[in-house]
Amino acid sequence: MSHTPDNSSAEAGDAGSLEASRRIKLQKIIDLGHDPWGSRFDDRSYVRDIRARTGEIQYLTTDGRTLALPPDFTAETFDRKKWKADQGPGELTGPKVRAAGRVVLQRDTGKLRFVNIRDWTGNIQLFIGKNQVGEENWTLAGLVDLGDLIGVDGELRYTNTGELTIFAEKLHFHAKSIESPPDKYHGLADAEIRQRMRYVDLAYSEGTLERFLNRTKIVQSIRSTLGGQGFVEIEGPTLHTIAGGAAARPFVTHHNALDMQLYLRIALELHLKRLMVGGMERVYELGRVYRNEGISPRHNPEFTMLEVYQAYGDYGSMMDLTEQLICDAIKAVDGNYQRPWGEQTVDFTPPFQRETYDDLFAKHVGVDPQDAAAVKQVAEEIGFDTKHKHAAVIKSEVFEEKVEDALTGPIFVLDYPASICPLTKRNAKNPEVAERFELFIQGMEVANAYTELNDPDLQEQLFKTQLDGQAEEDSMAKMDHDFIRALRHAMPPAGGLGVGIDRLVMLLTNSPSIRDIILFPLLRPEG
RNA sequence: GAGAUCGUAGCUCAGUCGGUAGAGCAACGGACUUUUAAUCCGUGGGUCCUGGGUUCGAGUCCCAGCGAUCUCACCA
């Protein structure tokens with residue numbers, strides 16, 4: 001009973017028969033002598049490029065004159081009928097083009113069909129007339145459903161209403177969509193389906209494909225900017241024996257042959273610094289890191305991080321680089337420095353604001369940041385537990401609570417309390433201050449940079465200090481003897497930078513959730 | 001991990017006081033050679049997330065579970 005699909009049930013309209021009616025058409029396409037799964041299709045143009053050829057469309061009069069169209073020919077107010085009458089009898093001619101794409105709209109007016117196809121550069125209308133394409137193509141056109149992939153050969157012209165259109169001469173069938181597409185106007189609205197079936201979201205939802213292509217442009221721009229400044233990209237290990245370089249809980253895994261516990265990396269830092277010891281003076285990695293933490297609109301367990309290290313630089317050089325990376329990325333997207341973010345607008349015009357941690361603290365908290373007792377009092381007023389906590393930790397918690405959300409930015413926050421920065425070089429004049437900045441935009445930490453600590457003895461001591469009284473996985477400082485050994489071979493003084501690529505992409509594409517800019521975010525398995 | 005909200009046709013969504021399931025799009029049949037979210041006429045389509053409970057009667061109320069969204073916590 002339940003073997004092959006029963007075509008006769010297609011007259012009903014239930015879910016099964018939506019598929020059945022498509023399968024019937026699939027069979028009819030085969031019967032017509034076409035392969036419903038298509039084949040190589042050479043020399044087709046992208047819709048964007050076809051749309052760029054409107055200048056080749058002309059008016060050919062019956063007495064042989066070829067006339068250029070007036071520039072406002074497609075304007076809504078332009079009387080095309082009258083213009084043609086004024087030129088004398090004739091017709092539009094245009095270039096022969098070949099396009100391919102997904103059918104996203106269809107209008108059947110009897111012996112005439114309008115079909116909109118979309119490729120990854122744009123959308124264009126096809127005109128398919130029964131008398132114009134011939135019997136076989138017309139029959140094939142009748143077997144096309146929304147969501148199918150088709151190709152067309154035809155002439156690029158305007159319709160009577162001024163719509164740029166490919167007037168089909170031959171149709172090609174490339175692939176049948178057995179599944180029905182979502183609502184042709186609203187697309188997919190259900191956030192769960194959009195993420196679980198990203199292919200459907202990309203294919204049919206307004207702006208999704210463009211958003212992810214913009215992500216790619218941003219990443220390409222970053223590589224290009226760094227390459228242009230002589231940085232080399234490397235690939236470090238993602239399986240670590242010590243999950244160092246950041247404070248986060250790692251994913252734990254196991255290697256069978258060596259019978260050892262391994263961690264998925266939570267940061268890129270320590271291996272890149274080893275490479276600087278080895279003489280890679282400008283080096284970066286742009287890759288995935290994994291943190292076994294909560295999921296939220298701003299957190300995904302795997303996310304993309306950029307870390308850059310520049311020998312003989314410092315955090316000042318990293319500030320300039322950060323600004324350039326972001327400005328170049330904006331140029332790669334659309335070049336607009338005034339960028340929407342929800343209801344607000346963020347101004348990315350360089351140079352970005354720069355303020356010290358202590359100045360911002362004083363401004364937003366209203367307390368002298370050097371006055372540990374006053375800071376502690378504020379923390380207690382907020383309701384923080386201050387017992388057994390280092391003054392800098394308390395200060396940091398108050399900063400995160402009172403200051404960070406207020407930083408609409410872009411703003412560089414400079415000079416952090418040294419004791420919360422175990423991998424950072426201290427300021428020569430004031431060892432209480434670490435040469436570190438973070439870039440905040442709309443309350444989000446987008447970048448984090450240091451003048452890198454390269455004193456192996458101090459590094460070893462700071463690792464040990466941080467370990468005291470703190471669970472190892474909660475600390476940025478995890479003793480890594482090989483890393484210390486590397487520093488003992490001399491790492492050049494350097495600037496180092498980390499950028500949260502996902503958050504940068506969120507900001508530059510006005511996407512409120514990290515899941516809008518990660519193609520396949522982690523979801524619970526389907527029920 | 002905690003709380004709030006949500007889950008109804010393939011998709012987008014209504015569903016009143018608890019009274020036996022609705023629309024648009026999509027599909028199917030018909031008309032139409034310049035439409036464009038085409039239009040017009042007609043037809044079919046439901047495990048109301050799952051499982052219990054209350055009730056004469058549950059899409060609706062209660063409990064549990066599953067999944068999602070948001071907020072909080074952790075974190076970037």
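Below, chain A is the first sequence line, B the second, and so on; all start at residue 1. All values below were derived from every heavy atom in this structure, side-chain atoms included, with hydrogens, water molecules and symmetry-related copies excluded.
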Euclidean distance for C1', B:G46 against B:G15 (whole angstrom): 14 Å
Just N and O in the side chain of A:Arg291: are any of them under 4.0 Å from OP1 or OP2 of B:A76? yes
Would you mind pulling out the nucleotide paired to B:A21, Watson-Crick or G-U wobble, both distances under 3.5 Å? none
Complementary nucleotide for B:A37 - Watson-Crick or wobble, under 3.5 Å: none
Could you work out which one of B:U36, B:C32, B:U34 sits closest to the side chain of A:Phe127? B:U34
Find the partner of B:A27: check Watson-Crick (N1-N3 plus N6-O4 or O6-N4) and G-U wobble (N1-O2, O6-N3) distances, both under 3.5 Å, and reply none if neither fits. B:U43
Taking only residues two or more places apart in sequence or in another chain, which ones pass side chain to side chain contact (heavy atoms under 4.5 Å, CB included) with A:Pro181? A:Arg22, A:Leu146, A:Tyr204
With rounding to the closest Å, how many angstrom separate the P atoms on B:A26 and B:C17? 33 Å
Under 3.5 Å between N/O atoms: give me all the protein pairs with nucleotides 11-13 of chain B, atom names plus distance.
{"unit_1": "B:C11", "atom_1": "O2'", "unit_2": "A:Asp183", "atom_2": "N", "d": "2.7"}
{"unit_1": "B:C11", "atom_1": "O2'", "unit_2": "A:Gly187", "atom_2": "O", "d": "3.3"}
{"unit_1": "B:C11", "atom_1": "O2", "unit_2": "A:Asp183", "atom_2": "OD2", "d": "3.3"}
{"unit_1": "B:U12", "atom_1": "OP1", "unit_2": "A:Ala189", "atom_2": "N", "d": "3.0"}
{"unit_1": "B:U12", "atom_1": "OP1", "unit_2": "A:Asp190", "atom_2": "N", "d": "3.0"}

As its Watson-Crick or G-U partner within any shown strand, both distances under 3.5 Å, B:A9 has none
A:Glu56, CD: over 12 other non-hydrogen atoms inside 6.0 angstrom: yes
Measure from the side-chain heavy atoms of A:Arg515 and tell me the nearest of B:C74, B:C28, B:U69. B:U69
Which is true for A:Glu179 with a 4.0 Å heavy-atom rule: it touches a base, it touches only sugar-phosphate, or it touches nothing? nothing
Test of ring centre spacing under 6.0 Å for A:Tyr158 and A:Phe73: yes
Of the candidate nucleotides B:U34, B:C70, B:A27, which contains the atom at the shortest distance from the side chain of A:Ser513? B:C70
Testing B:A73, B:A76, B:U35 for proximity to the side chain of A:Thr161, the answer is B:U35
Hey, do the aromatic rings of A:Tyr357 and A:Tyr416 have their centres closer than 6.0 Å? yes
